Amino acid sequence: SVIQSPMMKYLLENGTGHAYYHQTGANDSIVTGRQIRYNRNVLGMVMFDLNDEFIQKTYDVKPTPDSMLYVMDEKNEFIYEPGTAMLDNETILQLNQELDGTVTSVERIIGQTSYLVISRKSEYTGWSTLALVPMKSLLTETVRIRNVIAEVAIIVFILIVIGPPQVSS
């Protein structure tokens, strides 16, 4: 019965605004619910079930090819982790506990690689999101953008210098 399930117990105990990560093996999902109340009495529950594919499409965003994004629930269980994780889970959990509850971006050296670590915690679900972007990749992207801007500036300058004499002739 759904009413006696651990998921329903969790949602009823933690009230509105919490999500439950339901691991079923092949079809992992996230269930969130909202209590229906009348005169402070719980009449029922509206539940939403989001499948794992939706979660992966939402969180599988990479600003650089070697960046990593992790989402952990309040019990430090992984909701989402990249398929090509270069760091072990213990390191990520330790970093999450160190930055717990803060909305920050800091630079950390992990395994002789410097990372920009961006931390966010959802007030609604209590989930923590950690994004790790290697500083080397950020600098590479910055240099690439700088080079494109320089090329565009040179082309515009050449057009300005050559253009007016051609128009006046």
Side-chain angles (χ1 to χ4, degrees), residues 5-7 9-11 13-34 47-158:
S5 69
M7 172 189 57
K9 181 180 177 189
Y10 177 85
L11 289 171
E13 286 176 359
N14 291 298
T16 301
H18 284 74
Y20 178 84
Y21 185 52
H22 180 62
Q23 296 177 323
T24 59
N27 296 324
D28 293 345
S29 64
I30 294 177
V31 179
T32 186
R34 196 140 187 101
M47 296 172 30
F48 304 95
D49 189 22
L50 304 172
N51 68 10
D52 191 46
E53 289 177 20
F54 175 80
I55 301 305
Q56 289 202 345
K57 286 179 187 175
T58 302
Y59 287 110
D60 199 19
V61 177
K62 293 187 170 203
T64 63
D66 53 353
S67 62
M68 297 168 282
L69 185 81
Y70 296 87
V71 180
M72 287 139 300
D73 66 10
E74 293 170 313
K75 297 180 273 184
N76 278 333
E77 294 177 0
F78 287 94
I79 301 296
Y80 177 81
E81 58 185 304
T84 57
M86 295 179 274
L87 302 173
D88 63 299
N89 289 352
E90 282 302 316
T91 303
I92 300 302
L93 290 173
Q94 182 181 4
L95 193 57
N96 185 44
Q97 289 174 349
E98 180 183 329
L99 301 173
D100 188 39
T102 60
V103 177
T104 187
S105 53
V106 295
E107 185 176 349
R108 289 284 189 269
I109 296 175
I110 304 169
Q112 299 179 345
T113 304
S114 181
Y115 290 94
L116 175 65
V117 180
I118 303 159
S119 170
R120 301 280 186 266
K121 186 165 187 173
S122 169
E123 291 180 19
Y124 180 74
T125 62
W127 294 353
S128 299
T129 303
L130 281 181
L132 287 89
V133 183
M135 292 300 280
K136 181 180 176 184
S137 295
L138 283 178
L139 295 175
T140 303
E141 286 295 312
T142 304
V143 168
R144 189 183 68 76
I145 291 169
R146 182 200 64 199
N147 292 342
V148 169
I149 290 172
E151 289 173 10
V152 169
I154 290 169
I155 291 170
V156 168
F157 179 73
I158 291 172

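Just so we're clear, the structure is a prediction, and the values are computed from it rather than from any experiment. The first residue in the sequence is number 1, and the count goes up from there. Because only heavy atoms are used, hydrogens play no part in the values below, and waters and symmetry mates are left out as well, while side chains stay in.
When atom types are taken as modelled, the side chain of Thr91 and the backbone of Leu87 share no donor-acceptor pair closer than 3.5 angstrom.
Put simply, the side chain of Met68 reaches to within 4.5 Å of the side chain of Tyr115, judged on heavy atoms. Contact of the Glu77 side chain with the Met72 side chain is not registered, since no non-hydrogen atoms from C-beta on lie closer than 4.5 Å. Side-chain contact between Phe78 and Leu93 is present, with at least one heavy-atom pair separated by less than 4.5 Å. Looking only at side-chain heavy atoms (C-beta outward), Val106 and Glu98 stay at 4.5 Å or farther from each other. Here the side chains of Val133 and Val117 are not in contact, with every heavy-atom distance at 4.5 Å or above. You'll find the side chain of Leu132 reaches within 4.5 Å of the side chain of Ile92, heavy atoms only. Looking at heavy atoms from C-beta onward, Ile149 lies out of side-chain contact with Arg146 at the 4.5 angstrom threshold.
To the nearest 0.5 angstrom, Ser128 atom OG is 9.0 Å from Leu99 atom CG. The CG atom of Asn89 lies 11.5 Å from the CG atom of Asn96; values are rounded to the nearest 0.5 Å. With rounding to the nearest 0.5 Å, the separation of CD in Gln97 from CG in Asn76 is 5.0 Å.
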Test side-chain contact (heavy atoms from CB on, under 4.5 Å) applied to Leu130 and Val71, step by step: CA-CA 6 Å; Leu130 281 181; Val71 180; over 6 Å; no
Under the side-chain contact (heavy atoms from CB on, under 4.5 Å) rule, what do Thr129 and Ser119 come out as? Steps first, then yes or no, please. CA-CA 6 Å; Thr129 303; Ser119 170; over 6 Å; no
Step-by-step side-chain contact (heavy atoms from CB on, under 4.5 Å) determination, Lys136 to Ser114: CA-CA 8 Å; Lys136 181 180 176 184; Ser114 181; over 6 Å; no
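Between Pro134 and Ser67 the shortest heavy-atom distance is CD-CA, 4.1 Å.
No more than 12 heavy atoms of other residues, nucleotides or ligands shown are found within 6.0 angstrom of CD on Gln94.
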